K.L.:
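The structure is given below, and queries will be raised subsequently.
Just so it is clear, the model here is predicted, and its values are computed rather than measured. In what follows, residues are counted from 1 in the order of the sequence shown. When reading the values below, keep in mind they use all heavy atoms of this one structure, side chains included, and skip hydrogens, waters and symmetry mates.
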Amino acid sequence: MRICSAQPHDLAKLLAFRKEAAAWLSRLGTDQWQRPYPADKLLATIEAGEVFMVRDGNDTAATITLTPKAEEGLWTTDEVQEPSLFINKLTVARTHAGQNLGGRLLDWAGDRGHRAGAEWLRLDAWTTNTSLQAYYLSHGFQYVRTVLLGNAVNGGPRVSGWLAQRATSPAAHGFTDETPTPERLA
């Protein structure tokens, strides 16, 4: 499997991918991702080079957004000053579930963050999805706090405010990495 940067022509595929994930999450009994994500916001992150796709042949097996920009209202002023990369929208296709792709993507993100000079790999997870929170904890993340105040990126109240982080480090993730060398964080 290879990991590459998403391109603007991947927008429809990524929106459909998220819709598939939302349906699966709904079947699990969570309201996570039930509001559609704004296409213009996703396109902006693709164009910024922050969205990555794992390809298995012609299939999209997984996706992750990795950005140096913290979502407003989640992290403190001091935390924002620390060199960090932030994970968003980590999704694995149901056809590729059970293969540790999510764990490998977290390792890839930590390795990419290390190469960019980031100290931390940070994320915010759905506040009511305790299974997802346990998943991140099992992959070396440490709980920071839960933020309930503010608004969600796609409208409505904040619903993804469970914050966690882990140190970046070199990692063997097993992907053929076709992404550009990460820019160093200032």
Side-chain angles (χ1 to χ4, degrees), residues 1-11 13-15 17-18 20-21 24 32-33 37 42 44-71 74-75 79 82-126 129 131-144 160 162-186:
M1 286 188 211
R2 58 191 179 90
I3 188 164
C4 57
S5 298
Q7 301 301 315
H9 68 266
D10 293 316
L11 178 63
K13 172 64 178 169
L14 288 167
L15 289 169
F17 201 64
R18 184 176 172 103
E20 172 193 319
W24 173 72
Q32 182 172 339
W33 289 0
Y37 195 80
L42 182 55
T45 58
I46 291 170
E47 290 173 339
E50 299 172 349
V51 181
F52 304 94
M53 301 171 74
V54 175
R55 307 253 192 204
D56 184 10
N58 292 326
D59 296 330
T60 300
T63 184
I64 189 171
T65 298
L66 194 58
T67 178
K69 294 172 267 192
E71 185 178 327
L74 290 178
W75 300 91
E79 289 166 340
E82 298 170 335
S84 304
L85 286 181
F86 298 86
I87 294 172
N88 296 296
K89 298 181 282 305
L90 171 62
T91 313
V92 175
R94 297 297 81 216
T95 56
H96 288 76
Q99 299 178 33
N100 191 34
L101 286 184
R104 290 171 57 198
L105 265 176
L106 292 172
D107 289 343
W108 173 84
D111 182 74
R112 186 171 181 82
H114 179 76
R115 291 185 288 129
E119 179 180 346
W120 296 108
L121 188 59
R122 292 180 164 151
L123 58 85
D124 60 286
W126 210 254
N129 190 337
S131 296
L132 179 62
Q133 296 163 15
Y135 174 81
Y136 286 124
L137 293 171
S138 75
H139 281 84
F141 283 82
Q142 294 181 325
Y143 171 74
V144 176
S160 186
W162 184 88
L163 306 183
Q165 65 185 16
R166 79 178 194 194
T168 64
S169 64
H173 46 74
F175 296 121
T176 300
D177 192 342
E178 299 176 353
T179 65
T181 300
E183 292 184 25
R184 296 287 297 174
L185 298 176

K.L.:
Please enumerate all residues that pass side chain to side chain donor-acceptor pair (under 3.5 Å) together with K13, with sequence neighbours excluded.
P.N.:
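Per chain and number, K13 pairs via side chain to side chain donor-acceptor pair (under 3.5 Å) with no residue.
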
K.L.:
Identify the heavy atoms of Q7 and I46 that sit nearest to each other, and give their distance.
P.N.:
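Smallest interatomic distance, heavy atoms only, reads C-CG2, 3.4 Å.
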
K.L.:
What residues form a ring pair (Phe, Tyr, Trp, His ring centres under 6.0 Å) with W75, not counting sequence neighbours?
P.N.:
F86

K.L.:
Side chains of R122 and L74: does their closest heavy-atom pair fall under 4.5 Å?
P.N.:
no

K.L.:
What is the distance from atom CD1 of I64 to atom CD1 of I3, rounded to the nearest 0.5 Å?
P.N.:
7.0 Å

K.L.:
Could you give all pairs that pass the salt bridge (charged side-chain N to carboxylate O under 4.0 Å, His left out) test and reach residues 169-179, with sequence neighbours left out?
P.N.:
R2-E178, R115-D177

K.L.:
Restricting to pairs with a member in residues 53-63, which pass salt bridge (charged side-chain N to carboxylate O under 4.0 Å, His left out), not counting sequence neighbours?
P.N.:
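Residue pairs with at least one partner in residues 53-63: D10-R55.
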
K.L.:
Can you list the residues that meet the side chain to side chain contact (heavy atoms under 4.5 Å, CB included) rule with T63, with sequence neighbours excluded?
P.N.:
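Checked T63 against side chain to side chain contact (heavy atoms under 4.5 Å, CB included); matches are L14, F17, V51, M53, T91.
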
K.L.:
Please determine whether side chain to side chain contact (heavy atoms under 4.5 Å, CB included) holds for the pair W108 and V54, giving the CA-CA distance in whole Å, both sets of side-chain angles, and the decisive distance to 0.1 Å.
P.N.:
CA-CA 11 Å; W108 173 84; V54 175; over 6 Å; no

K.L.:
Search all heavy atoms of L132 against all heavy atoms of A125 and return the closest pair with its distance.
P.N.:
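It is CD2-CB, 4.0 Å.
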
K.L.:
Can you find a pair of side-chain heavy atoms, one from L105 and one from L90, that are under 4.5 Å apart?
P.N.:
yes

K.L.:
Is there a donor-acceptor pair under 3.5 Å between the side chain of Q133 and the backbone N or O of W126?
P.N.:
yes

K.L.:
Going from OG1 on T45 to CG on L11, what distance comes out if it is rounded to the nearest 0.5 angstrom?
P.N.:
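Interatomic distance, T45 OG1 to L11 CG, rounded to 0.5 Å: 9.0 Å.
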
K.L.:
How long is the straight-line distance from OG of S5 back to CZ of F52, given to the nearest 0.5 Å?
P.N.:
5.0 Å

K.L.:
More than 12 non-hydrogen atoms from neighbouring residues, nucleotides or ligands closer than 6.0 Å to CD on Q99, yes or no?
P.N.:
yes

K.L.:
I need the minimum non-hydrogen distance between P68 and L185, along with the two atoms involved.
P.N.:
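Here P68 and L185 meet closest at CB-CD2, 3.7 Å.
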
K.L.:
I need the single residue from T67, L66, T65 that forms a side chain to side chain contact (heavy atoms under 4.5 Å, CB included) with I87. Which is it?
P.N.:
L66

K.L.:
Between the main-chain N or O of V144 and the side-chain N or O of Q165, is there a donor-acceptor pair closer than 3.5 Å?
P.N.:
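The answer is no, because no donor-acceptor pair under 3.5 Å joins these two groups.
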
K.L.:
Can you name the side chain to side chain donor-acceptor pair (under 3.5 Å) partners of E79, sequence neighbours left out?
P.N.:
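Testing E79 for side chain to side chain donor-acceptor pair (under 3.5 Å), a comparison that skips the adjacent residues, returns T76, R145.
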
K.L.:
Can you tell me how the ring of Y136 sits relative to the ring of W162, calling it parallel under 30°, perpendicular over 60° and tilted otherwise?
P.N.:
parallel

K.L.:
If you compare all heavy atoms of P8 against all heavy atoms of E47, which two are closest, and at what distance to 0.1 Å?
P.N.:
CG-CG, 4.2 Å

K.L.:
Decide salt bridge (Lys or Arg N to Asp or Glu O under 4.0 Å) for R166 and D107; before the verdict, give the C-alpha distance in whole Å, the side-chain angles of both, and the deciding distance to 0.1 Å.
P.N.:
CA-CA 11 Å; R166 79 178 194 194; D107 289 343; 3.1 Å; yes

K.L.:
Does any part of the side chain of L101, heavy atoms only, come nearer than 4.5 Å to the side chain of F175, both counted from C-beta?
P.N.:
yes

K.L.:
Answer whether the closest heavy-atom distance between the side chains of K89 and L42 falls below 4.5 Å.
P.N.:
yes

K.L.:
For the residue pair A61 and M1, what are the closest heavy atoms and their distance?
P.N.:
CB-SD, 4.3 Å

K.L.:
If every non-hydrogen atom of G117 is compared with every non-hydrogen atom of P83, which pair is closest and at what distance?
P.N.:
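Closest pair (atom of G117, atom of P83, distance): O-CB, 3.6 Å.
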
